[in-house]
Amino acid sequence: MSVLIAIPARYASTRYPGKPLVPLTGASGVSMTLIERSWRAACSVSGVDRVVVATDDDRIREVSEAFGAEVVMTSDTCANGTERCAETHVALGGGYDIVVNLQGDAPLTPHWFIEDLVKGLNAAPEAEIATPVLRCDGDALNGLLNDRKHGRVGGTTAVFGTDHSALYFSKEVIPFTSDTYAGTDETPVFHHVGVYAYRPDALAAYPGWPTGPLETLEGLEQLRFMENGRKVLCVEVEAKGRQFWELNNPQDVAKIEEMMATMGLE
């Protein structure tokens with residue numbers, strides 16, 4: 001089994017232009033760009049044959065090549081990271097059994113999230129795409145609710161069936177619960193981790209499907225698979241004491257740097 005990790009990165013983010021080149025300072029005081037930290041996270045994953053940065057921007061290419069990354073230049077017409085990964089797989093000649101999309105705004109993704117994701121997809125031959133979900137504790141859930149209260153997209157949540165097939169993903173906090181949770185309390189809400197593992201056939205088909213109403217409303221690329229009747233497998237992963245957050249807004253820089261300091265991540 002051969003595994004490719006592609007890290008799609010674009011400069012012209014609607015919510016945060018230039019996001020991949022934003023510097024993040026770790027616990028040791030060392031500053032690295034977001035794209036370098038995401039690349040280092042990808043390189044720490046075992047069982048991977050190749051890691052590439054996929055971009056359409058020369059600024060990102062130059063920075064990425066300077067820290068040692070292999071870069072694949074893609075077109076500027078890719079609507080999202082999945083389309084960029086599909087184009088990257090073709091540009092590399094195809095042939096990989098699994099293509100992993102580690103989005104360039106998730107530098108805190110632990111290696112075992114991706115390792116468990118690949119194992120989960122291998123164990124479910126009926127699934128064509130898999131993605132990790134992390135059960136929220138009270139602190140994480142309250143953070144999501146606070147972001148939504150103030151009009152920010154703090155993260156995506158997922159709901160799934162007994163066979164772990166995804167039922168829906170949303171930038172709203174779902175499922176609704178009227179209960180209150182504190183600290184390390186276990187909650188019924190799952191944070192969707194922005195990583196995907198695709199089988200090549202499904203990935204190749206994706207760019208040819210029209211954008212559906214749910215994907216348009218939510219702005220979530222994985223909904224295109226569901227709107228076209230493809231099974232998305234949710235693989236539950238464990239935090240193991242690690243904090244996780246994605247860099248969606250400028251306010252997240254301080255939050256992620258605080259998490260790195262707490263966890264002692266350089």
TODO: Assess the side chains of E218 and S170: does a donor N or O sit below 3.5 Å from an acceptor N or O?
DONE: yes
Task: Closest contact, heavy atoms only, G155 versus N248 - done: N-ND2, 4.3 Å
- [ ] Give the minimum heavy-atom separation between N101 and T82, together with the two atoms involved.
- [x] ND2-N, 3.8 Å
Open item on the list: What I'd like to find out is whether the side chain of E246 reaches to under 4.5 Å of the side chain of I256, using heavy atoms alone.
Closed with: no
- [ ] May I ask you to decide if E172's main-chain N or O and T157's side chain share a donor-acceptor pair within less than 3.5 Å?
- [x] yes
Open item on the list: With a 4.5 Å cut-off on side-chain heavy atoms, are D49 and Y96 touching?
Closed with: yes
Task: Flag side-chain contact, heavy atom, 4.5 Å: R50 against L4 - done: yes
Task: Heavy-atom side-chain proximity of V71 to V52 below 4.5 angstrom - done: no
Open item on the list: Looking only at the aromatic ring of each residue, does the gap between the centers of F190 and F160 stay below 6.0 angstrom?
Closed with: yes
Open item on the list: Do the side chains of E115 and K119 get close enough for a salt bridge, i.e. N-O under 4.0 angstrom?
Closed with: no
- [ ] Can you measure from SG (C43) to NE2 (H111) and round to the nearest 0.5 angstrom?
- [x] 13.5 Å
Open item on the list: What I want to find out is whether D163 reaches K231 closely enough, with some N-O distance under 4.0 Å, to be called a salt bridge.
Closed with: yes
Open item on the list: Restricting to non-hydrogen atoms, name the atom on M73 and the atom on D56 that form the minimum distance, rounded to 0.1 Å.
Closed with: CE-C, 3.8 Å
Task: E186 side chain reached by Y181 side chain, heavy atoms, under 4.5 Å - done: no
Open item on the list: Under a 3.5 Å distance rule, please check whether E83 uses its side chain to pair with a backbone N or O of A79 as donor and acceptor.
Closed with: yes
Open item on the list: Assess whether a salt bridge exists between R59 and D57, defined as any Lys/Arg side-chain N lying under 4.0 Å from an Asp/Glu carboxylate O.
Closed with: yes
Open item on the list: Nearest 0.5 angstrom please: Q251 CD to H150 NE2, how far?
Closed with: 10.5 Å
Open item on the list: Is there a path of hydrophobic side-chain contacts, each under 4.5 Å between heavy atoms, that joins F67 and I7?
Closed with: yes
TODO: Please indicate whether E70 has more than 12 foreign heavy atoms, meaning atoms of other residues, nucleotides or ligands, lying under 6.0 Å from its CD.
DONE: yes
Open item on the list: Can you tell me how far apart CE (M226) and CD1 (I129) are? Round to the nearest 0.5 Å.
Closed with: 10.0 Å
Open item on the list: Looking only at side-chain N and O atoms, does E128 offer a donor or acceptor that is under 3.5 Å from a partner on Y198?
Closed with: no
- [ ] Determine yes or no for a side-chain-to-main-chain donor-acceptor pair under 3.5 angstrom, with W112 supplying the side chain and E238 the backbone.
- [x] yes
Open item on the list: Quick check for you: to the nearest 0.5 Å, what is the distance between L121 atom CG and M1 atom CE?
Closed with: 9.0 Å
Task: Nearest-0.5 Å distance, CG of residue L24 to CG of residue L247 - done: 6.0 Å
Open item on the list: Can you tell me how far apart CD1 (I60) and OH (Y11) are? Round to the nearest 0.5 Å.
Closed with: 8.0 Å
Open item on the list: If we count only N and O atoms by modelled type, under 3.5 Å, do the side chains of T55 and R61 hold a donor and an acceptor together?
Closed with: no
Task: Residue pair F169 / T131, side-chain heavy-atom distance below 4.5 Å - done: yes
Task: Criterion side-chain hydrogen bond (donor to acceptor under 3.5 Å, both in side chains) against K19, the qualifying member of D105, D252, N249 - done: D105
Open item on the list: Would you say CD of E65 has more than 12 non-hydrogen atoms from neighbouring residues, nucleotides or ligands within 6.0 angstrom?
Closed with: yes
- [ ] Answer whether the closest heavy-atom distance between the side chains of R135 and L141 falls below 4.5 Å.
- [x] no
TODO: For E62, look at atom CD and say whether over 12 heavy atoms of other residues, nucleotides or ligands are found less than 6.0 Å away.
DONE: yes
- [ ] Measure the acute angle between the ring planes of W245 and H191, then classify it against the limits of 30° and 60° as parallel, tilted or perpendicular.
- [x] perpendicular
TODO: Would you indicate whether the side-chain heavy atoms of R230 and V232 approach each other to under 4.5 Å?
DONE: no
- [ ] Determine the minimum heavy-atom distance between P23 and V253, stating which atoms define it.
- [x] O-CG1, 4.3 Å
Task: I5 with W39, same ILVMFWY side-chain cluster at under 4.5 Å - done: yes
Open item on the list: Quick check: closest heavy atoms across L223 and L214, and the distance to 0.1 Å?
Closed with: CD1-O, 3.6 Å
Task: Under-4.0 Å salt bridge between R224 and E215 - done: yes
